[in-house]
Amino acid sequence: MTLGLRTQGAEPSPSTYAPAPGHRFKVGDRVAVKRSFPPGHRRTPYYIRGKTGVIERICGAFPNPEELAYGFDGEPKKVLYRVRFAQPTVWPTYSGPARDLIEMEIFEHWLEPA
Amino acid sequence: MNDHPHDYYAKGKHGHDHDHEDHAPIEERDEGPPSEYEIMSRAMQELLEEKGAVTAEQVRRRMELFEEELPYRGSRVVAHAWADPQFKKRLLEDGKAACTEFGIDLEADRLIAVENTPEVHNVIVCTLCSCYPRALLGMPPTWYKSTNYRSRVVFEPRAVLKEFGTVLPDQVTVRVHDSNADMRYVVIPMRPKGTESWSEERLAAILTRDTLVGVTVPRVDAAT
Amino acid sequence: MSGTASNRSAADIGGDDAGPVDTLDRGMKFWERQANALRSVVQRNQIVLVDELRRAAEDLGDLYAKLEYFERTTLALRALLIEKGLVTEEELAARMAEIRARFDVPDEMESPIKKGKSR
């Protein structure tokens with residue numbers, strides 16, 4: 001059986017963050033998550049699709065997990081952002097204070113300017 | 001609520017017999033007949049060993065790492081951040097680099113540390129699976145991997161925190177982090193009053209895994 | 001935009017109503033610790049990627065909610081190893097039968113695998 005070394009997946013790194021050349025959004029930009037429901041492996045949770053938030057930080061460019069999941073190399077890398085959302089905008093019946101937040105990582109191809 | 005004595009952290013280190021041959025099946029096992037899934041897992045491991053894809057030694061070493069080393073790292077790092085404000089600043093800026101500086105190899109994990117303040121309380125989840133900074137904290141607790149936690153903490157965090165005995169006043173903002181892609185998270189809790197003279201070892205003892213995920217806060221009366 | 005809401009994966013459960021959280025850590029049985037270590041080693045040895053393991057778990061569909069965590073991860077690994085041709089269904093079934101005999105388990109227990117489903 002040939003195993004070989006795979007080259008897919010994010011490389012090891014001394015830093016949490018990776019370079020994000022040509023990133024489309026900057027910290028503070030208002031963005032909307034695409035209201036799209038494609039089949040297959042996605043790392044954009046259903047509950048956040050179509051919601052509007054703000055770029056909280058740029059994490060870097062990483063191989064696309066939607067492709068890695070099926071044995072492809074995930075290239076070209078996609079820029080990953082942390083996006084901050086106000087809880088009442090995500091859950092219409094949110095019962096906590098309106099200031100409460102939810103944050104997660106969203107890939108650039110899932111985001112549009114808002 | 002305190003972490004149950006069954007908690008990962010409470011497991012004492014125990015000795016190992018290192019005389020296993022590389023291709024001998026691991027003989028230790030749970031009581032009672034194995035489930036179909038245990039049988040399946042053992043079968044896969046044996047086949048992969050025979051095909052040269054993994055070795056028994058690698059699996060055993062990984063089990064030991066998860067048991068004896070990984071669960072203790074997070075509390076040491078955060079205790080050090082409490083004790084050393086400049087280290088805390090570096091930990092917040094780049095979690096992975098700071099851990100490397102501290103002598104901890106996070107392997108593939110990219111760590112973001114988030115800090116609790118009097119105004120903001122952080123809590124971590126992975127709704128899609130169970131992403132967790134394993135190289136810093138070891139295995140996640142069963143509740144973290146449970147579907148009830150994963151589905152509810154994002155839309156009713158305060159109710160879920162209450163189930164852990166953590167009640168937050170309305171003037172504290174709750175900030176939920178869904179760990180859904182390449183980043184991993186650890187919470188830096190607020191350091192309790194009365195710990196100013198404590199050693200890092202003593203501080204680490206109250207930084208249980210639950211506090212580092214954000215479902216509880218450190219308690220001075222839980223200190224050893 | 002495109003797609004349908006029915007493409008929501010079995011694992012994509014954020015926001016679903018659910019019962020109280022069992023806040024006690026129930027720990028891991030020995031076989032679960034071993035399965036966890038195996039999962040870690042196959043990734044480190046680059047046999048499978050974590051993304052593939054997640055996808056295989058999501059593909060469990062209706063079974064996902066009915067299984068415990070390590071049952072899911074074990075089935076996911078099984079599906080991937082077969083998919084990649086690293087093991088065959090036949091040799092896995094044969095080895096499982098041998099292990100049952102080794103542990104003196106009298107009957108093959110009910111499982112979706114027994115019914116010949118491959119994923």
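Just so you know, these numbers come straight off a predicted model, no measurement behind them. To find a chain, count down the sequence lines: A is the first, B the second, and so on, and within it residues start at 1.
Of the two parts of C:Leu77, the backbone and the side chain both hold a non-hydrogen atom closer than 4.5 Å to a non-hydrogen atom of chain B. Heavy atoms of B:Cys126 lying under 4.5 Å from chain C are absent altogether. Of the two parts of B:Arg134, only the side chain, counted from C-beta on, holds a non-hydrogen atom closer than 4.5 Å to a non-hydrogen atom of chain C. For a residue to count as touching a neighbouring chain, one of its non-hydrogen atoms must lie under 4.5 Å from one of that chain's; by this rule C:Asn36 touches chain B with the side chain only. Using a 4.5 Å cut-off between heavy atoms, C:Leu81 contacts chain B through its side chain alone, with no backbone atom that close. The parts of C:Leu92 that come within reach of chain B are both its backbone and its side chain, each placing non-hydrogen atoms under 4.5 angstrom from that chain.
If you tally non-hydrogen atom pairs under 4.5 Å between each of C:Glu98, C:Arg39, C:Glu71, C:Glu68 and chain B, the highest count goes to C:Glu71. Ranked by non-hydrogen atom pairs under 4.5 Å with chain C, the options B:Ser151, B:Ala43, B:Ser41, B:Cys129 are led by B:Ser151. For the set C:Pro20, C:Ala35, C:Ala65, the entry with the most heavy-atom pairs within less than 4.5 Å of chain B is C:Pro20. Highest contact tally toward chain B, considering only C:Arg44, C:Arg72, C:Glu32, is held by C:Arg44 [criterion: heavy-atom pairs under 4.5 Å]. Options C:Ala93, C:Ala11, C:Ala94 differ in how many heavy-atom pairs under 4.5 Å they form with chain B, and the most are formed by C:Ala11.
Using a cut-off of 4.0 Å between Lys/Arg side-chain N and Asp/Glu carboxylate O, C:Asp16 and C:Arg8 are scored as salt-bridged. Salt bridge absent: B:Glu69 and B:Arg61 never bring a charged side-chain N and a carboxylate O closer than 4.0 Å. Taking the charged nitrogens against the carboxylate oxygens, B:Arg62 and B:Glu107 do have a contact shorter than 4.0 Å, which makes a salt bridge. Ion pairing of B:Glu46 with C:Arg102 is present here, as a side-chain N (NZ or NE/NH1/NH2) and a carboxylate O approach within less than 4.0 Å.
Between the side chains of B:Asn122 and B:Glu115, no donor-acceptor pair of N or O atoms lies under 3.5 Å. For the residue pair B:Ser130/B:Tyr144, the side-chain donor-acceptor check at 3.5 Å is not satisfied.
Within 6.0 Å of CD on C:Gln43 lie more than 12 heavy atoms contributed by other residues, nucleotides or ligands.
Aromatic ring orientation, B:Phe164 versus B:Tyr149: perpendicular (interplanar angle above 60°, classes split at 30° and 60°).
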